[in-house]
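Whatever order the structure lists them in is the order used to number ligands and atoms, beginning at 1.
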Amino acid sequence: LHTIARPKDLAGVRVAVTAGPTQESLDPVRYLTNHSTGKMGYALARAAAMRGAEVTLIHGETALQPVKFTTDVPVTTAQQMYEAVTSHFAQTDVLIMAAAVADYRPAVVANDKIKKKDGDMSIPLERTPDILGTIGPQKTHQFLCGFSMETRDLVENSSAKLTKKNLDMVVANNLKVAGAGFGVDTNVVTLITPDGARELPLMSKADVADAILDEILKRRTT
Ligand code: CTP
Ligand code: CA
C-alpha cells in the first residue's frame, strides 16, 4: 500500500546508494566475497526513488532485479566501487553506503588458474581502498550515511566509525540478532548519529529503508 501513496519529500535530492558485495579475484576461477545479497541497499534505492529522489544505485553482483527509475551502475570490485562513488560524489547530496565492501583483496591476481599442489597454501592479501574513509574527510555539502555490521560491541564500534570516517549517520546492525542481517527480508538496526543511538524494532527492509530516509531528511533540514 505505501508504494502508491508516498509523499515526494525527496524530490530533487540526488541520492547515491551502494549495495551488495564486492568480488576480489584470485585467479580466473575464484574470488573472495561475503554473504551480502544487496537487499537492504536495493530497498533504500527503491524507497528513495518512490519518494522522488534522483537515485544512482552502485552495486556489486547480486541476484536482484534492477530498481526502476534509478540509474544502475554495476561494479565488481572494491576498486571499481571506489571509482564509481568518487566520480559521482560532486553530484551527490546524500551517499548511503550499504554495500559490503571487501576490506582485503589478493595482492596478486594470477593470469592462469592456480593448480592444486600437495600440502596447504596461503594467499597474500592487501587492503582495498576504504571508500567512506577516504571520502568522509573530503565532504562538502553531502550527507554521508554508512552501515556497520558487528557481532559484538555494536554501539561502541559503530560510533567509532561515525567519528573516524566523518559520517553524519551510521546504520548499525548486529548479525547475531534474529531477523537481522544477510539474505532475510527484515532487519533490526540502530541509527547512530552525533546525538546518540536509537534502536528501531524488527521491521521489513522496506520499512527500515523509509525510517533511514526519514532520519536523513530530518537531519538535512534541521
Ligand atoms: N566501507 C567502505 N570501504 C571499504 C570498507 C567499508 O566504504 N573498503 C564502508 C561500508 O560500506 C560501510 C562502512 O564503511 O558503510 C563500514 O563498514 P564496516 O565493514 O562495518 O567497517 P570497516 O571500517 O570496514 O571496519 P571492520 O570491517 O573492521 O569492522
Ligand atoms: Ca569491513
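The nearest pair of heavy atoms linking Ser159 to Ile192 is OG-CG2, 3.7 Å. Ala84 and Val73 make their closest contact through CB-CG1, 4.1 Å (heavy atoms, listed as atom of the first residue, atom of the second, distance).
For the pair Lys165 (side chain) and Ile135 (backbone), a donor-acceptor distance under 3.5 Å is absent. Under the 3.5 Å distance criterion, the side-chain polar atoms of Thr186 are left unmatched by any main-chain donor or acceptor of Ser204. At least one donor-acceptor pair under 3.5 Å links the side chain of Thr70 to the backbone N or O of Val67. In terms of modelled atom types and a separation under 3.5 Å, the side chain of Asn187 and the main chain of Gly179 share no donor-acceptor contact. Using a distance-only test at 3.5 Å, with no hydrogens or angles considered, a donor-acceptor pair links the side chain of Arg30 to the main chain of Ile114. Remark: side-chain polar atoms of Lys161 are not paired, donor with acceptor, to backbone N or O of Ser148 under 3.5 angstrom. In this structure a side-chain-to-backbone donor-acceptor pair under 3.5 Å is missing from Asp93 to Val13. With Thr62 contributing its side chain and Gly38 its backbone, the two residues share no donor-acceptor pair below 3.5 Å. Glu24 contributes a side-chain N or O that, together with a main-chain N or O of Ala78, makes up a donor-acceptor pair within less than 3.5 Å.
Note on the Ca ion (ligand 2): protein N, O or S atoms under 3.0 Å away count 2, no waters included.
The heavy atom nearest to atom 7 (O) of ligand 1, considering only Leu132, Thr18, Asn173, is found in Leu132. With Ala99, Ser148, Gly136 as candidates, the residue nearest to atom 10 (C) of ligand 1 on a non-hydrogen basis is Ala99. For atom 29 (O) of ligand 1, the choice among Lys161, Arg105, Lys164 with the nearest heavy atom turns out to be Lys161. Closest to atom 8 (N) of ligand 1 by heavy atom, among Ala100, Ala98, Pro129, is Pro129.
Inside a 4.0 Å radius of atom 19 (O) of ligand 1 there is not any protein heavy atom.
Taking distance alone, with nitrogen or oxygen atoms compared against 3.5 Å, Asp103 approaches ligand 1 more closely than that limit. For ligand 1, one of its N or O atoms has an N or O atom of Met97 under 3.5 Å away. An N or O contact shorter than 3.5 Å is missing between Gly146 and ligand 1 by distance. Geometrically, ligand 1 and Phe147 share a nitrogen or oxygen pair separated by less than 3.5 Å. Of the N or O atoms in Ile131, one or more lie within a sub-3.5 Å distance of an N or O in ligand 1.
Applying the ring-ring contact (aromatic ring centres under 6.0 Å, His included) criterion to Phe182, with sequence neighbours excluded, gives His35.
Residue contacts with ligand 1 do not include Arg127, since none of its heavy atoms lies under 4.0 Å from the ligand. Proximity of Cys145 to ligand 1 is not established, as no heavy-atom distance is less than 4.0 Å.
Residue contacts with ligand 1, taken as heavy atom pairs separated by less than 4.0 Å, involve Met149 solely via the backbone atoms N, CA, C and O.
If you number the atoms of ligand 1 from 1 as listed, the ones under 4.0 Å from a heavy atom of Thr128 come out as 8 (N).
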For Lys218 and Asp9, what are the C-alpha separation, side-chain angles and deciding distance, and is it a salt bridge (Lys or Arg N to Asp or Glu O under 4.0 Å)? CA-CA 11 Å; Lys218 197 173 87 189; Asp9 55 2; over 6 Å; no
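Residue, atom and distance of the protein heavy atom nearest to atom 22 (P) of ligand 1 are Lys165 NZ, 3.8 Å.
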